[in-house]
Each structure stands twice: as C-alpha cells, then as structure tokens.
Amino acid sequence: QFAFSLYVAAIIGAIVFAGRISTKISRLCRYRVIPVIATLILLFYSKMLRTVLIIFTFERMDVYNGTYQFIWTYDGSKEYLVDKYHIVLFIFGLLVTIFFIIPYTLLLLLTPYLMKLSHWRFFSWIIRIKPLVDSYEAPFKDRYRFWTGAMLFYRIALVISSAYVSQQPELILFMIIIVHSGIVFSGFAVYKSWIISATETTLHVNIIINSMAIYFLNLADRDFPSEFHIGYCIPSTISMGVSFICFLGILLYNISKPLVSWIKMKIGGIKYFQVNTNVVPEHNEDGDEEYREPLMNV
C-alpha cells in the first residue's frame, strides 16, 4: 500500500531537489515542471487517501454470549486498535490525515478566498504556492476556482461511504446519481473552454446512466434470475463505450494543441524567411546592383 506513495513522493522530492541545486535544470524545466509536480501530488493524495481509509475501517463481529468485538477490515485476524502493528498504522494514518489530507483539501477549496487576504502578513504564504495552485485552478472560471477542492471533498465522502456502507451498495449508487444529476441539471459551466465543459457534462451523464443501470441490476438480482435482467447491461456497456470515446477525444485534444502550435510556428518561420529573402536585384545610377523587396517597386 505504501510502495506507490513512497515512489511518487521520491519523484517529487527529486524534481524539487534537482531544480534547487542546478540552475541549468531549473531553466530547462521552467514552468513546465509545476503542472507535473501538481499532478504527482494529486496522485500521492489519492493513494494516501485510500491507504488511510484501509487503516481506519473496521467491522463489528458478534461472538458468543451476545458479546462482540471490533476487527480490522483489512486483516480479520487482528482486533481493531489492539494489535501493536495496527496501532502504529493508525497513528501514522491519523498524522497523514491531520497534516496532509485535510490541509491539502482545504487549501484547494479555500485558495480563491485566501488570495483576497494575501495582503495580510499571516496569509502572505499563499503567494508562494500560487503557481502550484494555479495548475489546478487555471482551467476554471474565476468564480469556480474552488471546484477542484469541492470534487476532492466529494471523493472523500464517496470513498468513506463505499467503505462503511459496503453491505448496501444501492445507497452509494443513489448518492452518485443525486450528486451528478445535480451538477448536470444545475447548468454549471465551470470551465473556460466550452469543449472541456461539454466533455465533462458527457462524462457526468454517462456516470448517471452507468450508476442507474447497476442500481436496477442489483434490485433485479434479488427478485429475478440473472437471465431475465441481462438487458440492464446494455446501457452500462453503451455508457462505458461513450466514456472511452470521450477519453480518446480528450487525449487527441491535448496532443493536437501543441502539435498545431508547432506547425503554426514552423509555417510562420518559413513565411518570414521567404519575405526577408525574396529580394530583387536592381541597378542604380552608378551601375551597381542593389537589392530591395518587390513591394518597394510599386
């Protein structure tokens, strides 16, 4: 559980350390390294959130004489907060939650409002991390720059619900349907680009369709044989296909933008070269050749 998190943390540390000790590397990377670090931090956040949840989850097990005990969900042979190994992990998970997960989520949620207080000395530190935060908030409109933090809070609620309400998946599916339906029907256009907004709306609709299909599929499992409700798999399959098409569209869009910019730069450079080299020789009064552009002949 910790291997991937430590690997990502090591990459982040190596990038930051290399940029500090070498000005050549720092100039080479410039601002391109900031979005990379922001993405790696988000990956580290996601993995640590899942790891901490595994550490915190427990189940109640009934034993003889009407008594019960709490056991660790990840390892049923260990009692919750009784085994020394689990106590160490619990303390670690608590520290990660208090000093990383909660501050990071609140930072992305409240940065647009903290920026207005940056002239105060107590909040002056927000200016130093603004390039990092802008990597998350740049695609959004100014009044929706909190959207990344809001989605992280939604992710936390979803992960916690999936862990503690695992016996009733219909409740989780119902929550997903309600949240994404609210986002779609509220008409939020949180992105500056209409292409990204349309793509995200399509993904929200697909999540709703897929969740509804699974929801009715689970209900049908209780009352009908599996052969009867095979039709419920059709909308789920279509939804996944559309999601994959949206993924390919996003991938092609991000690849095409730098490619088109590169082609325009090359074409512009060729035209500039042709204009500056397309000169015509002409004899002056002394009989010497002088070069000037054709437009000057008019």
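Below, each value reflects all heavy atoms present in this structure, side chains not excepted, and no hydrogens, waters or symmetry copies.
To the nearest 0.5 Å, the span separating CD1 on Ile71 from CD on Glu59 amounts to 7.0 Å. Atom CE of Met115 and atom CD1 of Ile127 lie 3.5 Å apart (nearest 0.5 Å). In this structure, NZ in Lys141 is found 10.5 Å from OG in Ser193, a value given to the nearest 0.5 Å. Note: Ile208 CD1 to Leu173 CG = 12.5 Å, rounded to the nearest 0.5 Å. We find the CD1-CD1 distance between Ile207 and Ile183 to be 8.5 Å, quoted to the nearest 0.5 Å. Taken to the nearest 0.5 Å, the OG1 atom of Thr105 stands 7.0 Å off from the CG atom of Leu108.
Within the 4.5 Å cutoff, the side chain of Ile176 has heavy atoms near those of the Tyr154 side chain. Side-chain contact between Phe100 and Phe44 is present, with heavy atoms from C-beta onward closer than 4.5 Å. Residues Val184 and Glu200 have side chains not in contact (no heavy-atom distance under 4.5 Å, counting atoms from C-beta outward). Looking at Asp83 and Phe90, their side chains never come closer than 4.5 Å, going by heavy atoms from C-beta outward. A heavy-atom distance below 4.5 Å is not found between the side chains of Pro139 and Lys192. Residues Leu53 and Arg50 form a side-chain contact, since some pair of their non-hydrogen atoms from C-beta on lies under 4.5 Å apart. The closest side-chain heavy-atom distance from Ile177 to Met212 is below 4.5 Å. The side-chain heavy atoms of Thr111 and Arg145, taken from C-beta on, include no pair separated by under 4.5 Å.
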Exercise for the section: Determine, stepwise, if the pair Thr148 / Val133 fulfils side-chain contact (heavy atoms from CB on, under 4.5 Å). Expected result: CA-CA 10 Å; Thr148 303; Val133 178; over 6 Å; no
Exercise for the section: Let me see the working for Ile87 and Val82 under side-chain contact (heavy atoms from CB on, under 4.5 Å), right down to the final yes or no. Expected result: CA-CA 7 Å; Ile87 292 175; Val82 174; over 6 Å; no
Problem - Full working for side-chain contact (heavy atoms from CB on, under 4.5 Å) between Met61 and Phe70 - result: CA-CA 6 Å; Met61 185 178 67; Phe70 294 101; over 6 Å; no
Problem - Residues Leu42, Leu152; criterion side-chain contact (heavy atoms from CB on, under 4.5 Å); working and verdict - result: CA-CA 10 Å; Leu42 194 59; Leu152 289 183; 4.1 Å; yes
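Within a 6.0 Å radius of CH2 in Trp120, other residues, nucleotides and ligands contribute 12 heavy atoms or fewer.
Taking the six-membered ring where the residue is Trp, the centroids of Tyr80 and Phe58 are separated by under 6.0 Å. In this structure, Tyr191 has its ring center at least 6.0 angstrom away from the ring center of Tyr144.
Residue Phe153 comes nearest to Leu109 through the heavy atom pair CE1-CD2, 3.4 Å, listed as atom of the first residue, atom of the second, then distance. In plain terms, the two heavy atoms of Ser135 and Ala38 that are nearest each other are CB-CB, 3.7 Å. In this structure, Ile34 and Leu132 approach most closely via the heavy-atom pair CG2-CA, 3.8 Å. Residues Phe56 and Gly93 approach most closely at CZ-C, 3.6 Å, considering heavy atoms. When all heavy atoms of Thr202 and Asn206 are compared, the closest pair comes out as O-ND2, 2.7 Å. Taking both residues in full, the closest heavy atoms of Thr39 and Tyr136 are given as N-OH, 4.5 Å, listed atom of the first, atom of the second, then distance.
Leu95 and Val88 sit in two unconnected hydrophobic clusters of ILVMFWY residues. Membership requires side-chain heavy atoms under 4.5 Å apart, directly or through other members. With hydrophobic clusters built from ILVMFWY side chains whose heavy atoms lie under 4.5 angstrom apart, Phe174 does not share a cluster with Val179. Hydrophobic clustering keeps Ile209 apart from Ile245 (ILVMFWY residues linked when any side-chain heavy atoms are closer than 4.5 Å, directly or through intermediates). The cluster map of Ile, Leu, Val, Met, Phe, Trp and Tyr, joined by side-chain heavy atoms under 4.5 Å apart, puts Ile37 and Leu6 in the same cluster. Grouping the Ile, Leu, Val, Met, Phe, Trp and Tyr side chains by contacts below 4.5 angstrom, directly or via other members, places Leu252 apart from Trp194.
The main-chain N or O of Arg121 is found under 3.5 Å from a side-chain atom of Ser124 such that the two form a donor-acceptor pair. Ser181 contributes no side-chain N or O that, together with a main-chain N or O of Ile178, makes up a donor-acceptor pair within less than 3.5 Å.
Ring geometry, Trp72 versus His86: the interplanar angle falls from 30° to 60°, so the pair is classed tilted. In this structure, Tyr104 and Tyr45 have tilted ring planes: the angle between them lies in the 30° to 60° band.
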